[in-house]
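One structure is given below, encoded as structure tokens.
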Amino acid sequence: MKNRVKDLRTEQNWTQSDLAEKLDVSRQTVHAIERQKYDPSLPLAFRIARLFGKTIEEVFQED
């Protein structure tokens, strides 16, 4: 699954650690999501989208 998490995070001038803290996950989880090595659970995907003020579809796209 492709995603725009890194782009959205950098637009906010947040580090991976900043985003991880806001989502209550590890920095390694954010890193894995951004590198598209890990697909987040549905609840986490909703939290990510909500944090950026986007819909899930605006953040995550099928390959």
Side-chain angles (χ1 to χ4, degrees):
M1 177 179 303
K2 293 184 179 187
N3 70 70
R4 298 181 49 223
V5 174
K6 184 176 182 179
D7 294 334
L8 294 168
R9 175 181 61 77
T10 57
E11 285 174 10
Q12 299 295 318
N13 294 316
W14 293 340
T15 65
Q16 287 181 342
S17 295
D18 293 335
L19 180 56
E21 186 176 319
K22 293 174 187 307
L23 295 170
D24 196 29
V25 298
S26 70
R27 187 202 58 78
Q28 291 82 358
T29 297
V30 171
H31 178 75
I33 292 169
E34 288 184 354
R35 297 209 48 206
Q36 298 169 19
K37 301 288 184 189
Y38 172 73
D39 291 333
S41 66
L42 193 54
L44 178 55
F46 272 109
R47 287 199 324 259
I48 292 168
R50 196 174 310 121
L51 180 64
F52 291 115
K54 306 284 185 191
T55 64
I56 286 184
E57 292 84 2
E58 290 174 309
V59 180
F60 299 96
Q61 303 84 33
E62 289 187 65
D63 285 339

message = Return the CZ to NZ distance between F52 and K22, rounded to the nearest 0.5 Å.
response = 9.5 Å

query = Side-chain contact, heavy-atom cut-off 4.5 Å: L44 with I33?
reply = yes

message = Does Q61, at its CD atom, have more than 12 non-hydrogen atoms belonging to other residues, nucleotides or ligands within less than 6.0 Å?
response = yes

message = Using every non-hydrogen atom in the two residues, find where M1 and D39 come nearest and quote the distance to one decimal.
response = CB-OD1, 3.4 Å

request  = Might you point out which heavy atoms bring A49 and I56 nearest each other, and give the distance in Å?
outcome  = CB-N, 3.8 Å

key: For S17 against R27, the heavy-atom pair lying closest together   = OG-CD, 3.6 Å

From K2 atom NZ to Q36 atom CD, the distance as rounded to the nearest 0.5 Å = 7.0 Å

inquiry  = For L19 versus V30, what's the shortest heavy-atom pair and its separation?
reply    = CD2-CG1, 3.8 Å

request  = With rounding to the nearest 0.5 Å, note down the distance linking CZ in F46 to OG1 in T55.
outcome  = 9.5 Å

remark   = Closest non-hydrogen contact found for N3 with E34 is OD1-CA, 4.3 Å

query = Hey, mind stepping through V25 and R47 against side chain to side chain contact (heavy atoms under 4.5 Å, CB included) and telling me if it holds?
reply = CA-CA 11 Å; V25 298; R47 287 199 324 259; 3.9 Å; yes

